[in-house]
Amino acid sequence: MKDTIEQQLSDWIKRVFTEVFPGEPMEGLHLDVVPTSNEKFGDYQCNATMALAKQVKKKPRDIAETVVHHATLPENVERLEIAGPGFINIFLNTSWMSTSLEKNQQDPDSVVPQPGARKTVIIDYSSPNIAKPMHIGHIRSTVIGNALDRIYRYLGYTVIADNHLGDWGTQFGLLIMGYRHFLNETALEEHPIEELERIYVKSYEKSKQDDAWLDQAREELVKLQQGDPTNKTVWEEFVQLSLGEFEHIYKRLSISFDLVRGESFYNENLPETMNQLKDLDLLKESEGAQVVFLEEEKLPVCIVKKRDGGFNYATTDLATITSRVKEFEPDRVIYVTDERQQLHFNQIFTIAKKMGIKTKLVHIWFGLMQLPEGTFSTREGHVIKLERLLDEAETRALEIVQTTSPNMNANQQKEVARAVGIGAIKYADLSQNPQSLVTFTWEKALSLDGHSAPYLQYAYARIASIKDKYAEQFPAIHLDDYPIRLEDPLERRLGIKLIRFQETVHRAAKHYRPNFIADYLYDLAQTYSAFYQNVPFLKAKKGVRESRIRLCTMVGFVLGQGLDLLGIETPKRI
RNA sequence: GCCCUCGUAGCUCAGCAGGAUAGAGCAUCGGAUUUCUAAUCCGAGGGUCGCAGGUUCGAACCCUGCCGAGGGCGCCA
């Protein structure tokens with residue numbers, strides 16, 4: 001099995017507890033082993049004795065004594081210590097750590113847990129609207145969704161990344177009207193999205209004053225949804241132009257999807273979905289609309305067919321779920337959207353369950369992004385386009401590269417600036433709890449020092465450099481012939497952190513929290529930087545030198561792997 | 001009115017579902033490059049974890065109330 005060390009120790013300590021207290025119910029107790037809060041307490045700790053104390057009417061310390069006395073240590077544990085009110089501190093066997101790291105280095109795949117084997121997960125993320133530019137509000141879904149995508153793939157899941165485009169909404173009536181009356185063909189050719197946005201805004205403004213205009217727009221929408229060929233052609237043009245532009249951004253962000261299906265794709269399933277609801281007797285009429293009441297679940301009513309006969313988002317999403325479940329048989333479907341959709345998904349998931357859908361449906365929401373001057377809105381022009389943010393990041397990164405690496409050729413500088421700039425933007429989002437509300441500032445989004453992607457990339461580049469230097473100076477030595485030693489406290493500290501990578505990824509996946517990985521990588525890089533700064537590598541004596549280079553190599557591997565899970569590149573030189 | 005979040009150092013944020021002395025970055029101050037990339041490292045100061053109760057061996061974390069911020073609540077997506 002490829003269990004993480006944390007998992008192995010947890011399983012072991014649970015066995016010990018059940019042996020010491022046979023017949024004692026342990027279900028409600030938290031018997032898992034967790035990393036220690038401080039390295040002086042060892043590597044992992046078990047806090048279960050305090051919880052168990054009341055239940056078995058014994059003192060926590062006595063329980064700890066009994067457990068420690070009874071336990072047969074597994075090969076990776078050096079010793080146990082009892083501390084404080086009854087903590088059981090676990091110290092890993094350092095020589096076991098060394099051989100374990102050596103094995104990992106030879107066969108890195110062998111330690112990657114594969115909970116996702118033979119399981120499919122659909123991740124619905126990014127999902128911009130057709131005919132509107134992507135702005136900074138889209139960055140979170142895109143970047144967080146993509147990180148989850150990568151993390152789940154790493155853990156062996158078959159991931160279907162699905163970009164669920166907003167291509168079927170009410171905006172198309174207004175757009176078609178705008179297209180007919182205000183279109184500037186040249187502008188459309190040069191800046192398609194800007195032009196579509198312009199005609200949309202113009203049409204929207206006219207609709208506010210002109211009821212006939214609005215009625216006409218509604219009619220065009222109905223015609224489109226009924227398959228009118230003229231409108232369909234225009235709509236297809238909108239979609240193609242938008243996709244081209246989105247694709248450009250995704251390429252810059254190194255993001256690719258397995259499916260790009262808009263809401264329109266599920267249009268034909270809508271009547272069937274309605275029939276299912278009807279057959280299950282979930283459909284009720286209310287104020288002229290077809291609705292599903294969710295009073296038992298204490299949720300507001302959900303409209304699935306409007307008074308005017310049109311379907312809305314709820315219906316489309318239900319049809320989407322049934323279609324996905326039927327086609328891919330996923331183990332779970334993950335939606336990554338902002339917090340405003342919590343109620344919506346709550347309703348949809350509840351109805352889906354009533355419809356007999358067993359698939360685990362998860363809504364991962366994140367806090368809304370706002371500007372210092374308030375919430376942004378397309379209509380009021382308070383938007384910062386994503387493209388501009390990316391440009392700005394690369395520009396700022398380039399300035400720094402030019403001053404710190406003046407000897408690098410211009411192309412390489414540009415390439416490094418690209419990786420660093422884009423990395424910084426992604427990291428700024430991925431290193432914090434997704435659920436916190438974020439106020440966008442250029443300074444924060446483009447931070448290039450401190451707790452940021454470039455710090456990690458820098459550590460990576462230094463490792464790549466030192467490996468090259470080593471290979472140059474000692475071409476004849478085979479590193480694998482020398483064991484990894486964890487004798488210096490700095491080395492051991494690095495060792496335990498390397499070992500903890502797998503459980504970190506596992507935890508990030510379990511809680512849908514890429515920032516756990518970001519935190520871990522930063523911690524690892526900090527530990528490495530201290531190591532790098534304080535002990536010699538190339539000038540260490542033979543054996544120690546090889547061991548340290550092997551450790552460097554492993555840190556580099558984990559940094560590269562971890563950053564890749566966040567979608568961040570690691571240039572060899574920066 | 002009801003529901004969902006958030007409130008942690010001057011600023012930006014972590015804090016591994018209740019554990020030991022609450023941690024980073026930025027900013028400020030003081031140190032470290034004849035030596036492996038100084039985009040670095042070492043050190044210092046800085047805290048009523050919004051406020052008030054409660055639960056228990058133990059609370060930033062759970063419960064209740066209040067204050068402040070964001071979002072949502074029938075024909076938008």
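Proteins come first, then strands; the chains are lettered A, B, ... in the order of their sequence lines, and each starts at number 1.
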Runs of at least three consecutive Watson-Crick or G-U pairs, both distances under 3.5 Å, are what I'm after; which ones involve RNA chain B?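 Ordered by first number, the stems with RNA chain B (at least 3 consecutive pairs each) read B:1-7 with B:67-73, B:10-13 with B:23-26, B:28-32 with B:40-44, B:50-54 with B:62-66.
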
Please list all pairs passing the side-chain hydrogen bond (donor to acceptor under 3.5 Å, both in side chains) test where one or both residues lie in residues 282-306 of chain A, with sequence neighbours left out.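 For residues 282-306 of chain A, and leaving out neighbouring residues, the side-chain hydrogen bond (donor to acceptor under 3.5 Å, both in side chains) pairs sorted by first residue read Glu297(A)-Lys354(A).
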
Residue list, side chain to side chain contact (heavy atoms under 4.5 Å, CB included) with Ser37(A), at least two apart or on another chain: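 For Ser37(A), the residues satisfying side chain to side chain contact (heavy atoms under 4.5 Å, CB included) (neighbours in sequence not counted) are Phe41(A), Gln45(A).
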
What are the atom names and distances for every N/O pair under 3.5 Å that joins the protein to nucleotides 40-45 of chain B?
residue	atom	partner	partner atom	Å
rU40(B)	O2'	Arg462(A)	NH2	3.0
rU40(B)	O2'	Gln533(A)	OE1	3.0
rU40(B)	O2	Gln533(A)	NE2	3.2
rC41(B)	OP1	Tyr455(A)	OH	2.4
rC41(B)	O4'	Gln533(A)	OE1	3.4

Hey, does the Lys NZ or Arg CZ of Arg545(A) hover above the aromatic six-ring of Phe474(A), less than 6.0 Å from the centre and inside 45° of the axis?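 Yes, Arg545(A) sits over the ring of Phe474(A).
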
Residues in side chain to side chain donor-acceptor pair (under 3.5 Å) with Asn129(A), at least two apart?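 Partners of Asn129(A) under the side chain to side chain donor-acceptor pair (under 3.5 Å) test: none.
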
Going by side chain to side chain donor-acceptor pair (under 3.5 Å), name the residues that satisfy it together with Gln457(A), two or more places apart in sequence or in a different chain.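 Here no residue qualifies.
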
Over all strands shown, is [X] touching base, sugar-phosphate only, or nothing at heavy-atom distances under 4.0 angstrom?
{"X": "Lys284(A)", "answer": "nothing"}
{"X": "Val535(A)", "answer": "base"}
{"X": "Thr316(A)", "answer": "nothing"}

Does a side-chain N or O from Ser37(A) land closer than 4.0 Å to OP1 or OP2 of rA20(B), or not?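 The answer is yes; a side-chain N or O of Ser37(A) sits under 4.0 Å from OP1 or OP2.
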
Considering only residues two or more places apart or on different chains, which pairs with a residue in [range] satisfy salt bridge (charged side-chain N to carboxylate O under 4.0 Å, His left out)?
{"range": "residues 519-537 of chain A", "answer": "Lys497(A)-Asp523(A)"}
{"range": "residues 433-462 of chain A", "answer": "none"}
{"range": "residues 524-541 of chain A", "answer": "none"}

Listing, residues 499-510 of chain A side-chain donor-acceptor contacts under 3.5 Å, not counting sequence neighbours, or none:
residue	atom	partner	partner atom	Å
Arg500(A)	NE	Glu503(A)	OE2	2.5
Arg500(A)	NH2	Glu503(A)	OE2	3.1
Gln502(A)	OE1	Tyr154(A)	OH	3.2
Gln502(A)	NE2	Tyr154(A)	OH	3.2
Glu503(A)	OE1	Glu6(A)	N	3.3
Glu503(A)	OE1	Tyr44(A)	OH	3.0
Glu503(A)	OE2	Tyr44(A)	OH	3.0
Thr504(A)	OG1	Arg500(A)	O	2.8

Return a single string for nucleotides 10-15 of chain B, one symbol per nucleotide in 5' to 3' order, where B is base contact, S is sugar-phosphate-only contact and - is none, cutoff 4.0 angstrom on heavy atoms. --SSSS

With stacking defined as ring centroids separated by under 5.5 Å and planes differing by under 30°, is Phe41(A) stacked against rA20(B)?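 So Phe41(A) counts as stacking on the base.
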
What N/O pairs connect the protein and nucleotides 60-68 of chain B at under 3.5 Å? Give each pair on its own line.
none

Would you mind calling rU48(B) syn or anti? Take O4'-C1'-N9-C4 for purines or O4'-C1'-N1-C2 for pyrimidines, and syn is within 90° of 0.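 Glycosidic conformation of rU48(B): anti.
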
Could you check which of rA39(B), rC16(B), rC73(B) has an atom nearest any side-chain atom of Leu343(A)?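 Shortest atom-to-atom distance from the side chain points to rC73(B).
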
What about Asn89(A), does its side chain sit under 3.5 Å from the base of rA20(B) through a donor-acceptor pair?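 Indeed, a donor on one side and an acceptor on the other fall under 3.5 Å apart.
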
